[in-house]
Amino acid sequence: MTRVLVIGSGLVGAASATALQRSGAEVLTASRSTGMRLETQEGLRLLRATIESFAPGVVLLAHGPTSPEWCPEHPELSTAIHALPAAVVAESGARPVLVSSDVVFDGVAPVARVEDGPHPVTAYGHAKLAAERGIAGARGATIVRVAMVYGWSRPGNSFAERVLHSLGETRAVDAPVDQFVSPVYDDDVAETVAAAVLRPNAPRLIHLGGPERLSRYRFALEAARALGASVALVLPVRREGMARALRPKHSCLETSWIPPELHRRGLITPAEGLRLTVDRRTRAVSPS
């Protein structure tokens, strides 16, 4: 049985931990909610001690911060939170698997491919690239770059979750017509990440984007339809002057590898994934 230490309990971390457990791995999750504050020296010492005591074969790094507002306001701290744990894991002897992001690219090209060289233009992108470089020389290191991930978690902070929360309260949402994404459903991300963790023959660099490329405005319209809300609540705007302008214009990845079972089923489309997300949201907010 493979022991996996998962760092991060957000949307991707939690879904990946569940997928790994379904696959038979022994999983331990550590995050800010369990007291591992990676912005502190004490948090890094705790990470080292946890690796030593749990003795994982693999450490999955799937933690934040990812905020387009917070990262540029704290660029050095943002880089440290991503890069220093990566260096600790690389030095530990455990195999590191890092969940990275499309933001290591500048977003000039409509789609980024696995053979393209990274060129970050945002604080978050620089932080993720520093983490990638931090594990690059470690034994069996694997990097899984993902495009915009959506799903439902609690607390939720993804674009889809914020849109659905606002629409569910009959509040209008601004959605850029000139920023493009290839959204990927969190279950697809989790299955791919779990396969990268458990399969020694998985590629060392993986790109995972959703099956459709669309604007954030079109994505928000799909969210409204899935929720049964009025599409008139989705307001088309330009990205200039918005927090979303801090992310690249194009946040799209061409998928380079997925596990065979996911390939047979096919990646979930935004329309279907948002319907599933709404179902999960309904169960989460309904009284027990």
Side-chain angles (χ1 to χ4, degrees), residues 6 8 10-23 60 62 66 97 99-103 110-114 144-154 156-165 167-168 173 175 179-199 202-203 206-229 231 234 250-285:
V6 177
L11 185 61
V12 173
S16 298
T18 299
L20 285 162
Q21 288 170 330
R22 282 199 307 264
S23 298
L60 172 61
T66 64
V97 175
V99 179
S100 190
S101 169
D102 61 84
V103 295
V111 179
R113 297 171 175 82
V114 74
V144 184
R145 293 176 180 151
V146 297
M148 186 187 88
V149 183
Y150 67 98
W152 190 264
S153 61
R154 181 175 288 184
N157 193 41
S158 70
F159 178 68
E161 288 166 315
R162 292 194 298 271
V163 167
L164 289 171
H165 182 73
L167 294 175
V173 294
Q179 187 175 42
F180 300 90
V181 292
S182 54
V184 57
Y185 187 53
D186 65 339
D187 280 0
D188 287 348
V189 174
E191 288 190 41
T192 301
V193 169
V197 167
L198 298 175
R199 300 185 186 203
I206 295 167
H207 276 196
L208 177 60
E212 296 179 19
R213 176 180 176 274
L214 66 171
S215 68
R216 285 187 183 266
Y217 173 69
R218 280 188 53 208
F219 182 81
L221 288 177
E222 291 285 4
R225 295 185 185 104
L227 189 63
V231 295
V234 181
H250 298 285
S251 295
C252 306
L253 295 177
E254 179 182 85
T255 296
S256 63
W257 181 87
I258 52 177
E261 55 271 24
L262 190 55
H263 191 273
R264 288 191 293 270
R265 187 251 288 165
L267 294 173
I268 293 171
T269 65
E272 175 64 9
L274 284 163
R275 185 189 65 77
L276 293 169
T277 299
V278 168
D279 288 346
R280 285 160 60 181
R281 173 186 180 271
T282 301
R283 292 194 299 271
V285 302

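Residues take their numbers from the sequence shown, with the count starting at 1.
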CZ of R213 to OG of S182, rounded to nearest 0.5 Å, is 9.0 Å
P270 and L214 have their tightest heavy-atom pair at CG-CD2, 4.2 Å
Taken to the nearest 0.5 Å, the spacing of S23 OG from E191 CD works out to 8.0 Å
Any T192 side-chain heavy atom under 4.5 Å of P259 side chain: yes
All heavy atoms of A196 vs all of V97, minimum pair found to be O-CG2, 4.4 Å
G13 and A62 have their tightest heavy-atom pair at CA-CB, 4.0 Å
* Asked: Would you say the side-chain atoms of T269 and E212 include a donor-acceptor pair closer than 3.5 Å?
  -> no
Taking every heavy atom of A147 against every heavy atom of G209, the minimum-distance pair comes out as CB-CA, 4.0 Å
As a quick check of understanding, evaluate salt bridge (Lys or Arg N to Asp or Glu O under 4.0 Å) for E261 and R22, giving each step before the final call.
CA-CA 14 Å; E261 55 271 24; R22 282 199 307 264; over 6 Å; no
Check whether any side-chain heavy atom of T255 sits under 4.5 Å from a side-chain heavy atom of P211, and report yes or no.
-> no
(message) Using side chain to side chain contact (heavy atoms under 4.5 Å, CB included), reason through S16 and L60 one step at a time and then give a plain yes or no.
(response) CA-CA 9 Å; S16 298; L60 172 61; 3.8 Å; yes
CD of E254 to CG of D102, rounded to nearest 0.5 Å, is 14.0 Å
Here the pair of heavy atoms bringing A220 nearest to L167 is O-CD1, 4.4 Å
Taken to the nearest 0.5 Å, the spacing of D187 CG from L267 CG works out to 11.5 Å
**Prompt:** Distance-only, no hydrogens or angles: does the S256 side chain make a donor-acceptor pair with backbone N or O of H207 under 3.5 Å?
**Reply:** yes
Closest non-hydrogen atoms of A160 and F219, given as atom of the first, atom of the second and distance, are CB-CE2, 3.8 Å
Margin query: Donor-acceptor check, side chain of D188 to backbone of G210, threshold 3.5 angstrom: yes or no?
Written below: no
Only one of D186, D279, V278, T277 passes side chain to side chain contact (heavy atoms under 4.5 Å, CB included) with W152, and that residue is T277
Distance col, row R265:CZ vs L262:CG, nearest 0.5 angstrom, shows 5.0 Å
Look at the rings of H250 and F180 and say which category their plane angle falls in: under 30° parallel, 30 to 60° tilted, over 60° perpendicular.
parallel
Interatomic distance, CZ@R281 vs CD@E161, rounded to 0.5 Å, equals 10.5 Å
